[in-house]
Amino acid sequence: MFAIVKTGGKQYRVGVGDQITVERLEGDVGAAISLDQVLAVGGDAPKIGTPVVAGASVTAKIVQQPRGTKIIVFKKKRRKNYRRKRGHRQELTVLKIEEISAGA
């Protein structure tokens, strides 16, 4: 059985036991979290939501709360002496999928 969930503006296909890296979610390491925006549930009797499947949820456990690799944002306009350099590190959450419930 698998599910398609939406979190952080992105969609992920997950199954029980999978580990996914998503944008930062609130919670401590080891805490259980519920993802309620389930767009589809696949398996023997697939369900597709309009836009979400009613009553469906995915339960996950927070494994760690890392930060992504540094990205350099460099802007330049030639011959104008304009240069700007900024760095960015995205805050991430690693989730381990524990259970998928299809709802009623």
Side-chain angles (χ1 to χ4, degrees):
M1 176 181 266
F2 70 92
I4 298 174
V5 296
K6 180 179 175 184
T7 179
K10 299 174 184 70
Q11 298 174 7
Y12 302 91
R13 182 185 189 273
V14 297
V16 176
D18 289 351
Q19 272 197 353
I20 59 171
T21 303
V22 299
E23 291 193 18
R24 178 63 57 101
L25 296 171
E26 295 297 320
D28 297 328
V29 174
I33 196 165
S34 177
L35 303 172
D36 296 329
Q37 287 193 326
V38 179
L39 304 177
V41 177
D44 296 333
K47 295 181 184 178
I48 297 175
T50 55
V52 295
V53 178
S57 68
V58 173
T59 305
K61 187 174 90 172
I62 297 176
V63 177
Q64 63 187 84
Q65 299 271 32
R67 294 176 75 194
T69 58
K70 189 163 193 172
I71 297 172
I72 304 298
V73 180
F74 187 74
K75 300 178 182 178
K76 179 183 177 182
K77 294 188 180 173
R78 62 184 187 157
R79 297 188 297 269
K80 305 295 184 199
N81 197 26
Y82 174 80
R83 290 188 292 268
R84 300 290 182 266
K85 183 178 178 183
R86 285 189 64 182
H88 176 77
R89 288 185 75 183
Q90 184 66 41
E91 307 239 335
L92 303 171
T93 299
V94 178
L95 297 175
K96 181 170 175 50
I97 306 301
E98 305 261 314
E99 178 187 4
I100 298 172
S101 84

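Positions are given from 1, in the same order as the sequence printed here. Since we're looking at a predicted model, the values are computed, not measured.
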Should [X] and [Y] count as side-chain neighbours, where that means a heavy-atom distance under 4.5 Å?
X: Val41; Y: Met1; answer: yes
X: Ile100; Y: Val58; answer: yes
X: Val52; Y: Leu39; answer: yes
X: Ile48; Y: Pro46; answer: no
X: Pro66; Y: Val94; answer: yes

Worked verdict on Leu95 versus Leu25 for side chain to side chain contact (heavy atoms under 4.5 Å, CB included)
CA-CA 10 Å; Leu95 297 175; Leu25 296 171; 3.9 Å; yes

Roughly how far, to the nearest 0.5 Å, is [atom2] of [Y] from [atom1] of [X]?
X: Asn81; Y: Lys76; atom1: CG; atom2: NZ; result: 9.5 Å
X: Ile97; Y: Gln19; atom1: CD1; atom2: CD; result: 9.5 Å
X: Gln37; Y: Lys6; atom1: CD; atom2: NZ; result: 5.5 Å
X: Gln65; Y: Glu91; atom1: CD; atom2: CD; result: 8.5 Å
X: His88; Y: Ile72; atom1: NE2; atom2: CD1; result: 11.5 Å
X: Ile20; Y: Arg13; atom1: CD1; atom2: CZ; result: 12.5 Å

Indicate the atoms forming the closest heavy-atom contact of [X] with [Y], along with that distance.
X: Gly49; Y: Val53; result: N-CG2, 3.5 Å
X: Arg67; Y: Leu92; result: C-CD1, 4.3 Å
X: Gly55; Y: Ser101; result: O-OG, 4.2 Å

Passing option when Tyr12 is tested against Thr7, Asp18, Ile4 for side-chain contact (heavy atoms from CB on, under 4.5 Å)
Thr7

Just by distance, do the side chain of Arg89 and the backbone of Thr69 share a donor-acceptor pair under 3.5 Å?
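Flag not set: sc Arg89 to bb Thr69 has no pair under 3.5 Å.
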
Give the cluster check for Val38 versus Val22: same hydrophobic cluster or not, with ILVMFWY residues linked at side-chain heavy-atom distances below 4.5 Å.
yes

Derivation of the side chain to side chain contact (heavy atoms under 4.5 Å, CB included) call for Thr93 and Ile33:
CA-CA 11 Å; Thr93 299; Ile33 196 165; over 6 Å; no

